[in-house]
Amino acid sequence: MKKIARHLLIPAAATVIFFIIAFLPAEFLACRNRGQISVCIALAAGLLGIFAAVEALISRVRGDENSVLWMASALILAIPAIFIVLDAA
């Protein structure tokens, strides 16, 4: 359970928090503040996703069974950054 919590639940919580803040009404938080918080969360998640992807590749080369969990973490953490890029287009 500890591995699942570390690799799946915590990154999923960061993604859920990102979407909650991104879709809050502008009256609740000022529009600028809401955007800045969303971009900061997306940037942090993206950087952590890159770290998780590198860790997954290193684990895969070593033959570690946790490489699948690291890759799942990387994919979950990439969701906010992908949303920011697609939303800006």
Side-chain angles (χ1 to χ4, degrees):
M1 179 63 186
K2 186 175 180 181
K3 289 181 184 180
I4 292 175
R6 185 180 340 148
H7 292 287
L8 298 178
L9 297 179
I10 294 173
T15 303
V16 168
I17 290 170
F18 166 78
F19 281 111
I20 288 173
I21 291 173
F23 291 120
L24 277 175
E27 293 83 21
F28 187 73
L29 285 173
C31 190
R32 180 178 173 195
N33 292 338
R34 186 179 56 149
Q36 287 176 343
I37 293 170
S38 297
V39 168
C40 287
I41 292 173
L43 181 65
L47 291 175
L48 289 172
I50 291 170
F51 169 75
V54 169
E55 190 67 34
L57 291 174
I58 291 171
S59 297
R60 175 69 63 156
V61 169
R62 291 181 181 166
D64 190 9
E65 72 245 6
N66 291 333
S67 65
V68 175
L69 292 173
W70 280 107
M71 190 53 69
S73 296
L75 292 174
I76 292 170
L77 288 169
I79 292 171
I82 292 170
F83 181 79
I84 290 285
V85 169
L86 292 178
D87 193 38

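We use all heavy atoms of the structure for the numbers below, so side chains are in, but hydrogens, waters and symmetry mates are not.
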Peer 1: Quick one: do Ile79 and Leu75 end up in the same hydrophobic cluster if we chain Ile, Leu, Val, Met, Phe, Trp and Tyr together by side-chain heavy atoms under 4.5 Å apart?
Peer 2: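 No, no single cluster joins them.
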
Peer 1: For Lys3, give me all partners under side-chain hydrogen bond (donor to acceptor under 3.5 Å, both in side chains), at least two apart in sequence or on another chain.
Peer 2: Asn66

Peer 1: Can you give me the closest heavy-atom contact between Ile76 and Ala12, atom names plus distance?
Peer 2: CG2-N, 3.6 Å

Peer 1: What pairs with Ser59 under side-chain contact (heavy atoms from CB on, under 4.5 Å), at least two apart in sequence or on another chain?
Peer 2: Glu55, Asp64, Ser67, Trp70

Peer 1: With a cutoff of under 4.5 Å between side-chain heavy atoms, which Ile, Leu, Val, Met, Phe, Trp and Tyr residues group with Leu47?
Peer 2: Leu43

Peer 1: Applying side-chain contact (heavy atoms from CB on, under 4.5 Å), name anything that partners Ile82, two or more places apart in sequence or on another chain.
Peer 2: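 Partners of Ile82 by the side-chain contact (heavy atoms from CB on, under 4.5 Å) criterion, ordered by chain and then number, come out as Ala78, Leu86.
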
Peer 1: Are Ile10 and Leu69 joined in one hydrophobic group, where the rule is that I, L, V, M, F, W and Y side chains link up if heavy atoms are under 4.5 Å apart?
Peer 2: no

Peer 1: Could you pull out all donor-acceptor pairs under 3.5 Å where a side-chain atom in residues 18-33 meets a protein atom, sequence neighbours excluded?
Peer 2:
none

Peer 1: Between OG of Ser73 and CG of Leu9, what distance do you get to the nearest 0.5 Å?
Peer 2: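 Separation between the atoms: 10.0 Å.
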
Peer 1: Residues two or more places apart in sequence or in another chain: which of them pass side-chain contact (heavy atoms from CB on, under 4.5 Å) with Arg6?
Peer 2: Lys2

Peer 1: Closest heavy-atom contact between Gly49 and Ala74?
Peer 2: O-CB, 3.5 Å

Peer 1: Search all heavy atoms of Leu8 against all heavy atoms of Ala72 and return the closest pair with its distance.
Peer 2: CD2-CB, 3.6 Å

Peer 1: So which residues get pulled into Leu48's cluster when ILVMFWY side chains under 4.5 Å apart are joined, directly or through others?
Peer 2: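 Hydrophobic cluster check, Leu48: joined to Leu77.
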
Peer 1: Considering residues at least two apart in sequence or located in another chain, which fulfil the side-chain contact (heavy atoms from CB on, under 4.5 Å) criterion with Ile58?
Peer 2: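 Partners of Ile58 by the side-chain contact (heavy atoms from CB on, under 4.5 Å) criterion, ordered by chain and then number, come out as Val54, Arg62.
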
Peer 1: How long is the gap from CD1 on Ile37 to CD1 on Ile17, to the nearest 0.5 Å?
Peer 2: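 Answer for the CD1-CD1 pair, Ile37 versus Ile17, is 11.5 Å.
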
